[in-house]
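All values below were derived from every heavy atom in this structure, side-chain atoms included, with hydrogens, water molecules and symmetry-related copies excluded. Order of the sequence lines fixes the chain letters, A, B, ..., with proteins taken first and strands second; residue numbering starts at 1 for each chain.
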There are 2 protein chains.
Amino acid sequence: MTQPQPDPTEDPRLRFRILFGPDCYLGPGKADLLERIRETGSISAAGRSMSMSYKRAWLLVEEMNRMFRDPLVESTRGGSKGGGARLTATGEAVLDHYRALHRIMTDAGSNRIAALKAMLADMSDGK
Amino acid sequence: MTQPQPDPTEDPRLRFRILFGPDCYLGPGKADLLERIRETGSISAAGRSMSMSYKRAWLLVEEMNRMFRDPLVESTRGGSKGGGARLTATGEAVLDHYRALHRIMTDAGSNRIAALKAMLADMSDGK
DNA sequence: CTGCGATATGTTCTTGGAAACATATCTGAG
DNA sequence: CTCAGATATGTTTCCAAGAACATATCGCAG
């Protein structure tokens with residue numbers, strides 16, 4: 001099932017952003033944030049884990065919730081643990097699409113990317 | 001030969017950057033700059049045409065020339081028209097690879113991108 | 001009913017990156 | 001031999017994005 005997929009931190013790697021319109025885009029920052037919210041169950045913890053201020057994390061969440069028809073993140077205040085946040089089904093779907101796109105695009109472009117890499121200067125020469 | 005390719009300014013559009021290593025990446029800014037240098041034959045004119053300062057344009061050119069084994073842009077100083085710049089064969093190849101990647105990736109991801117677009121909020125509702 | 005821990009939101013402060021400015025240099029033309 | 005027009009490179013100025021700070025609110029636990 002899960003075939004060995006290339007380490008996304010390995011070096012020729014791809015970052016992309018989809019621009020749907022003015023002030024309406026989806027990029028690696030938002031995707032990572034979604035992933036960490038899913039993992040941590042908290043906007044603030046997600047932000048901390050990527051050394052992002054709570055303010056900025058909350059701002060991005062608000063932006064995402066406004067740009068899609070249904071919100072991607074649901075949050076609750078108060079309670080025994082103070083509150084929390086989790087991905088909605090839409091949020092899971094968006095994250096999934098983004099991750100899938102990364103795989104698909106990396107794969108489709110691997111030839112060209114390799115060709116570019118082959119043209120790079122050798123980093124290990126005398127400079 | 002040239003089949004009708006989608007207008008790259010039309011709305012769900014893609015921007016991407018390839019990270020080869022620290023301080024070693026290729027993105028839309030550098031690609032556009034290369035294209036305009038090819039068109040105008042001048043670094044300063046290319047910069048002006050995309051409202052970029054000459055300093056910045058020159059800096060990007062220097063960065064590109066250093067990161068690849070062979071320079072992408074050749075420039076001459078002095079002469080009847082003051083000087084100029086043009087793409088080397090390597091420069092043409094790099095630009096070509098980048099443009100090709102955009103087409104390939106957009107095509108390969110069209111399904112997922114369309115799916116995401118379908119989930120967007122309707123911009124024309126009462127807000 | 002008080003305190004805790006998280007969300008929610010506004011205000012102020014800081015800083016890195018780009019713009020703007022300033023020169024120096026090159027070379028063919030006249 | 002000077003001028004024009006472009007490259008080449010350093011210095012200063014500016015500004016907006018983000019960090020930092022400050023509160024307000026919520027709701028269960030105890």
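- At whole-Å resolution of the value, CG in B:Leu59 and C1' in D:dT7 are 14 Å apart.
- The nearest whole Å value for the distance from the OH atom in A:Tyr54 to the C1' atom in D:dG18 is 17 Å.
- Look at B:Thr76 and you won't find any side-chain N or O under 4.0 angstrom from OP1 or OP2 of C:dC26.
- For B:Arg77 and C:dT27, the shortest distance from a side-chain N or O to OP1 or OP2 is not below 4.0 Å.
- Nearest nucleotide to the B:Ser80 side chain, out of D:dT7, C:dA29, C:dT9: C:dA29.
- Rounded to whole Å, the distance from CG on B:Leu60 to P on C:dG17 is 14 Å.
- For A:Ser53 and D:dA20, the shortest distance from a side-chain N or O to OP1 or OP2 is not below 4.0 Å.
- An OP1 or OP2 oxygen of D:dA8 is reached within less than 4.0 angstrom by a side-chain nitrogen or oxygen of B:Trp58.
- Judged by distance alone with a 3.5 Å cut-off, a donor-acceptor contact links the side chain of B:Lys55 to the base of D:dG10.
- With a 4.5 Å cut-off on side-chain heavy atoms, A:Thr90 and A:Pro71 do not count as touching.
- The local environment of CZ in B:Arg99 is crowded, with over 12 non-hydrogen atoms from other residues, nucleotides or ligands closer than 6.0 Å.
- Judged by the 6.0 Å and 45° rule, B:Lys30 forms no cation-pi pair with B:Tyr98.
- Under 4.0 angstrom from either OP1 or OP2 of D:dA6 there lies no side-chain N or O belonging to B:Ser42.
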